Amino acid sequence: MDSAEVHRSKGSKRAMSVGGSDFLQLDVGQAPPGGRTEWLTARIRAAIADGTLPVGCRLPAGRVLAAELGVSRGLVTEAYQRLADAGQVLGRGRAGTTVVAAPPATTARRAPEPSAPTGPSAPAAEFGLAGLLGSAGPLGSGGPPGPFGPQADGPLVDALRGVPCRIDLSPGVPDLTAFPRTAWLQAERRVLAGLTSADFGYGNPQGTPALRAAVAGWLARNRGIRADPDEVVVVAGVAQALGLLAHVLREDGVRRVAVEDPGSLGARQQLEYGRLETVPVPVDGGGLDTAALRASGAGAVLLTPAHQFPTGVVLDGERRRELLGWAAAGGLVIEDDYDAEHRYDRAPVPALRALLPEGVCYAGSVSKLLAPALRLGWLLVPPRLRDAVVAAKRYADLGNPVLAQLVLARLMESGELERHLRFVRRRHRRRRDAMLRAVDAHLPGARVHGAAAGLHLMVTFDGAAFEDTALAAAALALGVKAHPLSWHRIRPGSPGLVLGYAAGPPGELEEGVALLGRALDRLR
């Protein structure tokens with residue numbers, strides 16, 4: 001059984017936490033025995049040398065990095081002290097430790113990464129997880145009335161979103177009560193104080209230079225991606241990124257795009273609205289089936305390799321190599337870095353874009369980290385597509401609102417966004433645990449997938465005779481809103497639900513799952 005799954009009938013336990021940090025994609029398991037201090041010092045020194053950590057960049061607090069890596073605080077302190085002795089960083093008390101100088105260019109070398117396992121047994125945990133993508137197909141004839149039948153489409157999902165309920169377990173929503181209002185207001189005041197009258201005019205359609213630079217730094221620190229600010233295109237979330245890519249790819253002669261099955265209904269609809277044909281490719285415990293991708297005839301593929309939506313699996317090592325080989329031979333990968341920052345029991349997974357920039361379009365946003373209402377995200381594309389993407393953005397909306405971009409840039413540069421991420425990660429973990437306990441207590445025989453990361457769980461009822469749309473409708477009648485898994489499938493499969501846990505307190509999650517249990521009893 002995948003370590004990301006929990007099966008009640010077998011009493012499986014969740015995987016223990018792994019010592020890894022989003023900062024520089026550090027995984028303490030890569031350190032040689034007895035050489036952790038030297039390893040950490042070398043990794044940070046190499047990042048300073050190659051510009052990943054530029055002069056002026058602030059390092060994580062020692063206690064924070066130690067907790068994430070699962071090492072002693074003294075180990076991190078010693079590594080920072082060695083860097084300070086070399087004149088590369090400077091400790092400034094409560095202001096933290098800051099990079100003040102890079103080593104001579106002749107010594108600038110990135111510490112070598114351990115070679116990836118070559119066999120099909122490469123552990124998924126080495127690469128972390130991933131999550132969004134997709135497609136959704138027919139729900140079958142004779143489905144229940146209202147928001148759950150007979151076929152999933154955009155208006156259907158919008159209709160469900162607007163239906164009032166007592167408890168909303170819809171996926172894809174972070175804890176909106178945790179939005180950092182104070183930090184946002186403080187950053188906004190500072191931004192406004194420094195703006196001239198001319199700054200309130202039309203901005204650069206590609207995005208403000210300040211945010212593009214901040215995003216490049218954020219991706220280097222947290223996702224292992226080296227990108228110049230000129231490579232970043234600011235977009236109104238991943239949805240717009242997919243819409244822009246659909247237009248550009250169609251103009252470039254691409255007509256068929258492979259999508260994960262099961263995968264995200266919304267992502268698939270964005271591509272189809274852009275007049276692209278979507279081709280389903282199965283997802284199993286190792287992620288996207290790369291053999292099926294090669295046989296699909298598609299010129300591009302959209303996938304969520306770090307935390308697949310909705311299954312939560314990670315694209316494993318062997319399939320990563322096969323996918324990158326497919327891209328190097330002329331295919332185009334569209335990487336939706338869905339939920340990559342929300343992880344609890346796994347080490348961070350490197351982004352595909354970091355491994356093959358010329359073959360990967362990378363999309364990310366703050367919708368799951370701060371709030372969907374901000375409509376702020378970013379897109380990196382290979383050089384051959386960049387001018388066309390920027391032109392498509394220009395004609396779509398002339399660019400995102402400038403003020404919000406500048407505020408987000410300040411949050412990224414000041415370290416406030418990292419602090420917010422650490423805060424919500426702890427809160428989301430508690431809510432995830434509460435939902436797991438509730439499922440174990442109230443949904444007998446259910447199998448839970450994707451518990452190690454993300455903002456949702458996928459629950460399947462293997463061998464059940466009922467339709468999941470009927471279960472979702474029965475739950476809604478009891479005041480609980482959830483997505484039927486079949487909405488996010490193209491081909492038939494086991495009935496199930498996709499349950500979001502980030503937006504509600506533990507008591508509400510417990511009550512919601514208990515009501516799902518009552519709805520399930522009515523169908524059996």
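For reference, positions follow the sequence shown, starting with 1. What you are looking at is a predicted structure, and each value in this text was computed from that prediction instead of being measured.
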Under a 4.5 Å cut-off applied to non-hydrogen side-chain atoms, are [X] and [Y] in contact?
X	Y	result
L369	H420	yes
T311	P262	yes
V232	L379	no
Y80	L65	yes
W378	V366	yes
L59	T98	no
E413	L211	no
P180	L370	yes

Looking at [Y] and [X], is any side-chain nitrogen of the basic one under 4.0 Å from a carboxylate oxygen of the acidic one?
X	Y	answer
R223	D22	no
E416	R419	yes
R353	E231	yes
D261	R489	no
D230	R386	no

Worksheet item: Is the distance between the ring centroids of Y501 and H456 under 6.0 Å?
Response: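 That pair fails the under 6.0 Å test.
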Practice prompt. Please determine which of Q81, R82, Q88 meets the side chain to side chain donor-acceptor pair (under 3.5 Å) test together with D85.
Written response: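 Testing each of Q81, R82, Q88 against D85, the sole residue satisfying side chain to side chain donor-acceptor pair (under 3.5 Å) is Q81.
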Discussion item. D284: which residues meet the salt bridge (Lys or Arg N to Asp or Glu O under 4.0 Å) condition with it, sequence neighbours left out?
Written reply: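 D284 satisfies salt bridge (Lys or Arg N to Asp or Glu O under 4.0 Å) with R319 only.
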Discussion item. To the nearest 0.5 Å, what is the distance between CD on E78 and CZ on R73?
Written reply: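 Nearest 0.5 Å value for the CD-CZ distance: 14.5 Å.
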Worksheet entry | Heavy-atom closest pair, residues N400 and Q405 |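 That would be O-NE2, 2.9 Å.
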Worksheet item: Under the side chain to side chain contact (heavy atoms under 4.5 Å, CB included) criterion, do L485 and L497 qualify, and how do the steps go?
Response: CA-CA 5 Å; L485 176 58; L497 297 172; over 6 Å; no
